[in-house]
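Below is one structure, written out as C-alpha cells; the observations come after it.
Along the sequence shown, the residues carry numbers beginning at 1. Bear in mind that the values here come from a model prediction, so they are computed numbers and not experimental data.
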Amino acid sequence: MLDTLLSQIGFAVAALVGAFAFLKGDEPERIGAGAFLLGVFATLLIHNGGALRGVQWGVLTVDLVFLGVCAALAWKSRRSWPVWASAFQLVVVMSHLLVLVDLRPAMAAFYFVINLAGYGVLASIAVGTWQAWRDRRVEAIA
C-alpha cells in the first residue's frame, strides 16, 4: 500500500501530525493521533490490494473502531476537534457501506473519498493539537 509516491507522502503527513500531537498535544490529542496511527498500521496489514470488488471487512472493522474512538473522545472531552474527526470518519464508514449495499461506486471515487476524509481527520487532530498547545502557552504566560 506504500508503493506510490502519493501514499508515501500521505503516510509522512500522518506521521508528522502524530508526532506533533504526541509532543505538543494533551491527552485527547494523543489518544486520537495514536488511534489514527494504529488504524493506519492495521490497515496496511489487513488491506488486500488485489480485491477491487466487495467489502474489505478487516478495513471496515478498523474504520468502525476508529469511529468509536473519535465518538468517545467527542463525548468525553470538551474539545471541538473530535466532533469534526468523527464526522470525517463517518464519511469513511459510509463509503464502506455504499460498497456493502452494492451501489457500485467507482473504485477510484471510493478511494478518493476515503483518502480525502482521512486528511480531514488529520487536519482535525492537527488543529486540536495546535489549540491545546496555544491554550497551555497562554495559561503559562498569565
Only pairs at least two apart or in different chains count here, so list each ring-ring contact (aromatic ring centres under 6.0 Å, His included) that has a residue in residues 57-76. F36-F66
With sequence neighbours excluded, residues passing side chain to side chain contact (heavy atoms under 4.5 Å, CB included) with L5: Q8, I9
Are F20 and W81 connected in a single hydrophobic cluster, I mean Ile/Leu/Val/Met/Phe/Trp/Tyr linked by side-chain heavy atoms less than 4.5 Å apart? no
Without swapping roles, check the side chain of S86 against the backbone of C70 for a donor-acceptor pair under 3.5 Å. yes
Is it possible for you to say whether F88 and V62 belong to one hydrophobic cluster, with membership spreading through side-chain heavy-atom contacts below 4.5 Å? no
Under 3.5 Å: donor-acceptor pair, side chain of S7, backbone of T4: yes
Of the non-hydrogen atoms in A85 and V121, which two are nearest, and what is the gap between them? O-CG2, 3.7 Å
Grouping ILVMFWY residues whenever side-chain heavy atoms fall under 4.5 Å, the cluster of V127 otherwise contains none
V65: which other cluster members, linking ILVMFWY side chains closer than 4.5 Å, directly or transitively? none
To the nearest 0.5 Å, what is the distance between CG (N115) and CG (L6)? 9.0 Å
Taking ring pair (Phe, Tyr, Trp, His ring centres under 6.0 Å) as the definition, give me every residue that meets it alongside F110, ordered by chain and number, with sequence neighbours left out. H96
Out of curiosity, D63 CG to I114 CD1, how far, rounded to the nearest 0.5 Å? 6.5 Å
Could you grab the distance from atom CG of L60 to atom OG of S95, nearest 0.5 Å is fine? 11.0 Å
Hydrophobic cluster identity match, F41 and V59, side-chain contacts under 4.5 Å: no
Partners meeting ring pair (Phe, Tyr, Trp, His ring centres under 6.0 Å) with F22 (sequence neighbours left out): none
Rounded distance [0.5 Å steps], CD1 in I31 versus NZ in K76: 12.0 Å
Are F11 and V17 linked, directly or through other ILVMFWY residues, by side chains that come within less than 4.5 angstrom of each other? yes
Check for me, please, whether L97 and L64 land in the same ILVMFWY cluster - side-chain distances under 4.5 Å, paths through other members count. yes
Under the side chain to side chain contact (heavy atoms under 4.5 Å, CB included) test, residues paired with L90 that sit two or more places apart: L67, M94
I want to check something: taking the side chain as every heavy atom from C-beta on, are I125 and T129 in contact at a cut-off of under 4.5 Å? yes
Contacts of type side chain to side chain contact (heavy atoms under 4.5 Å, CB included), residue L116, not counting sequence neighbours: F112
If you look only at distance, which donor and acceptor atoms sit under 3.5 Å apart when one is on a side chain in residues 131-142 and the other is two or more places apart or in another chain?
{"from": "R136", "atom 1": "NH1", "to": "K24", "atom 2": "O", "distance (Å)": "3.2"}
{"from": "R136", "atom 1": "NH1", "to": "D26", "atom 2": "OD1", "distance (Å)": "2.4"}
{"from": "R136", "atom 1": "NH2", "to": "K24", "atom 2": "O", "distance (Å)": "2.4"}

Results of ring pair (Phe, Tyr, Trp, His ring centres under 6.0 Å) for Y119 - residues two or more places apart only: none
Scan for salt bridge (charged side-chain N to carboxylate O under 4.0 Å, His left out) pairs involving residues 27-40, sequence neighbours excluded, and state none if there are none. E29-R79
Connected to V91, directly or through other members, by ILVMFWY side-chain contacts below 4.5 Å are V113
